[in-house]
Amino acid sequence: MDLSGVGIWSSQLRYGDSAESAEAAAELEELGFTALWIPDVGGKPVLDRVDRLLAATKRTTIATGILNLWMHSAAEVAASYAALTAAHGERFLLGIGVSHAPLIDAAEPGRYRKPLATTASFLDGLDAAEQPVPAENRVLAALGPKMLALAASRTRGAHPYLTTPDHTATAREALGEGPLLLPEQTVILCESADEARAIGTDWLRSYLALPNYANNLLRIGFSPDDLTQVSNRLFDAIIAWGDEQTVMRRVNEHHAAGADHVCVQVLLADPKTFPRQQWRRLAAVHNRV
């Protein structure tokens, strides 16, 4: 797997029309993005979409960012991983995450508990499967020091989400030099702060309601008021906005801070629209900034 350079993180590739998703994936590969990342909120169909994206591409890594471990059994995931690898080669990076208490407890109150131990147990299941998922082909969603340590010891590395280049530097120090560090960076291609905030404020507020993200942002130096108000300071730190050169400079700040690969998520006013024009604009500059 090539996990260098810049990739694309996209909910549209996961939840959008299947035919357009495949067509877009093939174009993204030709544009030079080294990995395509898709989320998993609802569970099992995520691996069906992984299969379609692998089939639509030839070289690009397809990664889950992340597979929600509460929605899958380790044995089923390992079997699916083996089948996907047999069909498409070793291009599937299994990103695994423990999700968030409000999301998991909404369906089954009290289910979300001991996230670190639960994650370790899921990894144990992958290791014990009839066809184990190799540690070098899986990563963890990790923000804090304990989950970063688990990522370093049991997987190929970490996939932080909703973070800053300063967090990337801290995560690199925690991981050490060997494991991969693969952060997500949200961007908005626009001409003004007002336009950026109209697109991104509610999106960001939805994540701030999740304790894992809120606690991490407090840990790295933001105040409770920053989170409550979605302050300009917080917004600008999390979402890179402006022209393509400006947002790609933020991506390069992650690389300078120790990231091996940065996956870019493009926000649009309509979250269901594939941002294909914006992806093309970014591809035109991402190797030159």
Side-chain angles (χ1 to χ4, degrees), residues 1-68 71-72 77 80-81 83-85 87-97 99 137-139 141 159-162 182-189 199-200 203 206-207 239-240 244 247-248 251 261-284 286:
M1 296 183 203
D2 181 2
L3 290 167
S4 62
V6 178
I8 293 295
W9 195 105
S10 171
S11 61
Q12 295 87 0
L13 290 175
R14 164 70 171 94
Y15 298 110
D17 175 76
S18 180
E20 184 170 6
S21 177
E23 180 183 286
E27 181 182 12
L28 288 166
E29 179 172 71
E30 292 306 309
L31 289 172
F33 294 106
T34 53
L36 307 180
W37 297 74
I38 61 172
D40 174 31
V41 176
K44 292 181 181 179
V46 67
L47 297 177
D48 294 342
R49 186 55 62 102
V50 167
D51 187 23
R52 294 188 186 100
L53 293 173
L54 286 166
T57 54
K58 298 176 182 178
R59 305 173 304 277
T60 302
T61 297
I62 305 301
T64 47
I66 48 70
L67 179 135
N68 185 335
M71 305 292 182
H72 308 265
V77 170
S80 294
Y81 178 89
L84 290 167
T85 300
H88 303 289
E90 292 198 9
R91 290 195 292 122
F92 174 29
L93 180 66
L94 179 62
I96 305 159
S99 191
N137 291 350
R138 63 196 194 200
V139 295
H159 170 51
Y161 185 95
L162 209 77
L182 315 163
E184 175 268 350
Q185 174 62 58
T186 302
V187 309
I188 301 173
L189 292 174
I199 293 171
W203 176 90
S206 70
Y207 283 105
I239 301 177
E244 46 268 62
V247 302
M248 289 308 299
V251 170
H261 168 93
V262 181
C263 46
V264 174
Q265 177 177 189
V266 176
L267 294 189
L268 298 177
D270 179 0
K272 294 183 179 180
T273 299
F274 284 74
R276 297 182 69 171
Q277 179 184 1
Q278 290 78 7
W279 289 338
R280 293 168 191 145
R281 289 171 60 186
L282 293 175
H286 86 265

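Residues take their numbers from the sequence shown, with the count starting at 1.
The environment of CD in Q277 is sparse: at most 12 heavy-atom neighbours from other residues, nucleotides or ligands sit within 6.0 Å.
The CG atom of L182 lies 7.0 Å from the CG atom of L93; values are rounded to the nearest 0.5 Å. Summarising the geometry, atom CG belonging to L47 is positioned 11.5 Å from atom CZ belonging to R52; distances are rounded to the nearest 0.5 Å. Considering CG of L36 and OG1 of T64, their distance stands at 12.5 Å, rounded to 0.5 Å. Here the CG-CZ distance, from L67 to R138, works out to 12.5 Å after rounding to the nearest 0.5 Å. Note: K272 NZ to Q12 CD = 11.5 Å, rounded to the nearest 0.5 Å. Interatomic distance, CD1 of I62 versus CG of L84, reported as 10.5 Å (0.5 Å rounding).
The two residues T57 and A25 come nearest to each other via the heavy atoms CG2-O, 3.6 Å. Closest of all the heavy-atom pairs between A141 and G97 is CB-CA, 4.0 Å. The two atoms that bring L268 and Q278 nearest to each other are CD2-NE2, 3.4 Å, heavy atoms only. Here the closest heavy-atom approach between residue P39 and residue Y15 is recorded as CG-CE1, 3.9 Å.
No donor-acceptor contact under 3.5 angstrom links the side chains of D2 and H261, judged on distance only.
For R59, the salt bridge (charged side-chain N to carboxylate O under 4.0 Å, His left out) partners two or more places apart in sequence, or in a different chain, are E30. Applying the ring-ring contact (aromatic ring centres under 6.0 Å, His included) test to F92 and every residue at least two apart in sequence or in another chain returns Y81.
Looking only at side-chain heavy atoms (C-beta outward), D40 and H72 come within less than 4.5 Å of each other. Residues S18 and R49 meet the side-chain proximity criterion, which asks for heavy atoms closer than 4.5 Å. With contacts defined as side-chain heavy-atom distances shorter than 4.5 Å, the pair E27/F274 does not qualify.
Judged by distance alone, with hydrogens and angles left aside, the side-chain atoms of E29 form a donor-acceptor pair with the main-chain N or O of K58 at under 3.5 Å.
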Exercise. Would you sort out whether L53 and T60 count as a side-chain contact (heavy atoms from CB on, under 4.5 Å), showing the intermediate values?
Key: CA-CA 9 Å; L53 293 173; T60 302; over 6 Å; no
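By the 30° and 60° cut-offs, the orientation of the rings of Y207 relative to Y161 is tilted.
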